[in-house]
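The figures here come from the full heavy-atom set of this structure, side chains too, leaving out hydrogens, waters and symmetry mates.
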Amino acid sequence: MKHQQYSDENEQHSCCTQTEKIHSHTEHHQHDGHDHSHDSDKNTFSMFLPAGCSLVLLLLAIAFDNWIPQSWFNSWIRVLWYVVAYIPVGFPVLKDAVTSIRKGDIFSEFLLMGIATIGAFAIGEYPEGVAVMLFYAVGEVFQTLAVSRAKSNIKSLLDQRPDEVTILREGQPQIIKAEAAKIGDIIQLKPGEKLGLDGELISERAAFNTAALTGESKPDTKEKGETVLAGMINLNTVSQVRVTTEYTDSKLSKILELVQNATAKKAPTELFIRKFAKIYTPIVVFLAIGICLLPALFVNHYQFNDWLYRSLIFLVISCPCALVISIPLGYFGGIGAASRNGILFKGSNFLDKLAEIQNVVMDKTGTMTEGVFKVREVVFNTAFDRDELLKMINVLESMSTHPIATAIHEYVGTLDTSIQLSHTEEIPGHGLKTIIHGKELLAGNFKLMDQFNISYAVNPSEIVYTTIAIAYDKQFVGYITIADSIKEDAQKTIHLLHQLNVKTTMLSGDKSTVVNYVAKELGIDNAHGDLLPEDKVNKVKAIKARNESVAFVGDGVNDAPVVALSDVGIAMGGLGSDATIETADVVIQDDKPSKIPVAINIGKQTKKIVWQNIILAFAVKAVVLILGAGGLATMWEAVFADVGVALLAILNAIRIQRMTF
């Protein structure tokens, strides 16, 4: 398990090469010597070859020593044979030890293994010296294979972006590099091909597999003019897509960048283990020296070779490989499992935070509801021209990107361009105001009516649906009701969160009657409506004042202050907004709220596995260290305490990739 130097939070840490392999998608690392990471072009056979050569030579030597006595296998020939058996597995480690020392990392695990095995040779324990390094090398190969398996989920995501695309130039197909495609180019996409860049569908209709982006393989049918994204797979007919985004700015590129950088933010446990290993290793070296030399002052029949052997066992046992490898691997496995489920974590620290979350605070629109509004009723005073007012409201609402504005536009139809607006302004948390034909038009909630002293003869609390109150020329006109539908898996989400002992709260700027209705339907613990952005912040502050952790689920843009205040910000529908991906700590790639408890559960399972590995490693090492110092353990027990425990920890760490969430 090799060390490397790399920067993390402005601090240089020495960590295991397996950790490097875990980060191999994030950046190119420079090794501290021999490359034990085993490049992808090397197959499993070549990875095992050095260990295989050493094993054959070792077994022959043991046979000559014990079962097939040979007159020639003695003195210098015997020593040379064991040295040759040692070199394939031992030389790379010794080379790494020297390189680490040159770079200032003196007390590396390479040094521990080097001292232990060379010491074994010095006291004539040649078979054990070779065996220790051989098991170390074999264990490392298995660890490499385990890490490769752990990377497979994320690698499959990274492979979703094709390198080449077919562009139509003067009506003729031409294959070019995807990064060479320009905005405005027409991509021809055959059935089964992946789209390389974001674009607009110019064919009449096409069905796509969106699994690379959402984790869902359910076909998604797109109509002409709709946006299609890089990584989507065309399912049926030849389709044409006009490129609208540069290769490096595509949605998939941003998601890949997020995944590639996910392991850069370390969980506290990872950071602790790294720092612990840097302190722990030199202490072990000095303790080993003490075990070897100090008994000379207290033991009557002191035998240097006996105590040296005990100190060498102590060194082998104390190697921190199981911790340094399996813990990052556990977190990486958690991030991979989440990616497979269409959930992107921006760092392993958020796995830890979600595992301990006590409250999930959620927005309503677009999170627990579809966010697709439809006009239910128009209740206007008959003294006003209904159609003319709707045309004016349609033009005013076109100034807003709110889903309510879209619903009104769909209800009224084409904008009347003859209507001219002036002095238009949006009043945050209230609505819109403008001047038409020299008269003031207001469209918003009833707070807006109150603010402009517009009297009305209706009771807003009796209206269940979202309501847009209208006033024109200082008179109350009436209202329009808008309804949104609850997502099909929203109720299941709340039920699963309660099973995880997580309290739920809904905060919304929508009217309280609507919010309370949705909350009651879903079984949400607490609900608050008619909130301004600052009100949401105050509600979250009140929860945090009870020393309880909070995850906020929303769109990550409008609710940026609340996301910043919460312990974990979760963005729903990450495909809809680049800003969402930038703002949130966790991005749920489809719009399914049921992924929230899945994300929490992945965090809990990851943390459980990490702590199982920590306890296993410390418990076994503590027992064997005591036995070794007391002369009751041999090199074989030492090998188990080092390589054996490391392998057990790794097997435990990769379990999370097989779990169903």
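Two residues are said to be in side-chain contact when any heavy atoms from C-beta on lie closer than 4.5 Å; Leu197 and Thr245 fail this criterion. Side-chain contact check for Ile118 versus Leu94: some heavy-atom pair is nearer than 4.5 Å.
A search for side-chain contact (heavy atoms from CB on, under 4.5 Å) contacts involving Ser54 returns Pro88, Val89, Leu134, not counting sequence neighbours. Partners of Ala180 by side-chain contact (heavy atoms from CB on, under 4.5 Å), not counting sequence neighbours, listed by chain and number: Ile176, Lys177. Residues passing the side-chain contact (heavy atoms from CB on, under 4.5 Å) test with Arg102, sequence neighbours excluded: Val98. With sequence neighbours excluded, the residues forming a side-chain contact (heavy atoms from CB on, under 4.5 Å) with Phe91 are Ile87, Lys95, listed by chain and number. With sequence neighbours left out, the ring pair (Phe, Tyr, Trp, His ring centres under 6.0 Å) criterion links Phe64 to Trp72, Phe73, Trp81.
In this structure, CZ in Phe208 is found 10.5 Å from CD1 in Ile233, a value given to the nearest 0.5 Å. Lys608 contributes atom NZ, which lies 10.5 Å from atom CG of Asn652 (distance to the nearest 0.5 angstrom). Separating the CD1 atom in Ile602 from the CZ atom in Phe345 is a distance of 6.0 Å, to the nearest 0.5 Å. A distance of 8.0 Å separates CG of Leu189 from OG1 of Thr166, quoted to the nearest 0.5 Å. Of the inter-residue distances, the one linking Phe48 atom CZ with Leu55 atom CG reads 11.5 Å to the nearest 0.5 angstrom. The CD1 atom of Ile614 sits 12.5 Å away from the CD1 atom of Ile609 when rounded to the nearest 0.5 Å.
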Please assess Phe121 against Val130 for the test side-chain contact (heavy atoms from CB on, under 4.5 Å), listing each intermediate value before the final yes or no. CA-CA 9 Å; Phe121 268 77; Val130 176; 3.8 Å; yes
Under the criterion side-chain contact (heavy atoms from CB on, under 4.5 Å), I'd like the reasoning laid out for Leu354 against Ile570: C-alpha separation, chi angles, the key distance, then a yes or no. CA-CA 10 Å; Leu354 264 188; Ile570 304 175; 4.2 Å; yes
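The only member of Asn349, Asp352, Thr606 that meets side chain to side chain donor-acceptor pair (under 3.5 Å) when paired with Tyr331 is Asp352.
Between Trp307 and Tyr302, the ring planes lie parallel to each other; the angle is under 30°, not in the 30° to 60° tilted range.
Residues Leu344 and Ser339 come closest through the heavy atom pair CD2-OG, 4.0 Å. The shortest non-hydrogen separation linking Phe661 to Val598 is CB-CG1, 3.8 Å. Here the closest non-hydrogen pair linking Ala355 and Lys607 is CB-CD, 4.1 Å. Annotation for Tyr82 and Ile62: closest pair OH-N, 3.9 Å, computed over non-hydrogen atoms. Of all the heavy atoms in Val93 and Met133, the pair that sits closest is CG2-SD, 3.9 Å. The two residues Ser311 and Ala288 come nearest to each other via the heavy atoms CB-O, 3.1 Å.
A side-chain donor-acceptor contact under 3.5 Å links Asp585 to the backbone of Gly569. Looking at Lys595, its side chain never comes within 3.5 Å of a backbone N or O of Ile343 through a donor-acceptor pair. Without hydrogens or angle criteria, Lys346 side chain to Val586 main chain gives no donor-acceptor distance under 3.5 Å. Formation of a donor-acceptor pair under 3.5 Å by the Asp198 side chain with backbone atoms of Ala230 is found in this model.
For residues 67-78, every residue pair satisfying the salt bridge (Lys or Arg N to Asp or Glu O under 4.0 Å) rule, not counting sequence neighbours, is listed here: Asp65-Arg78.
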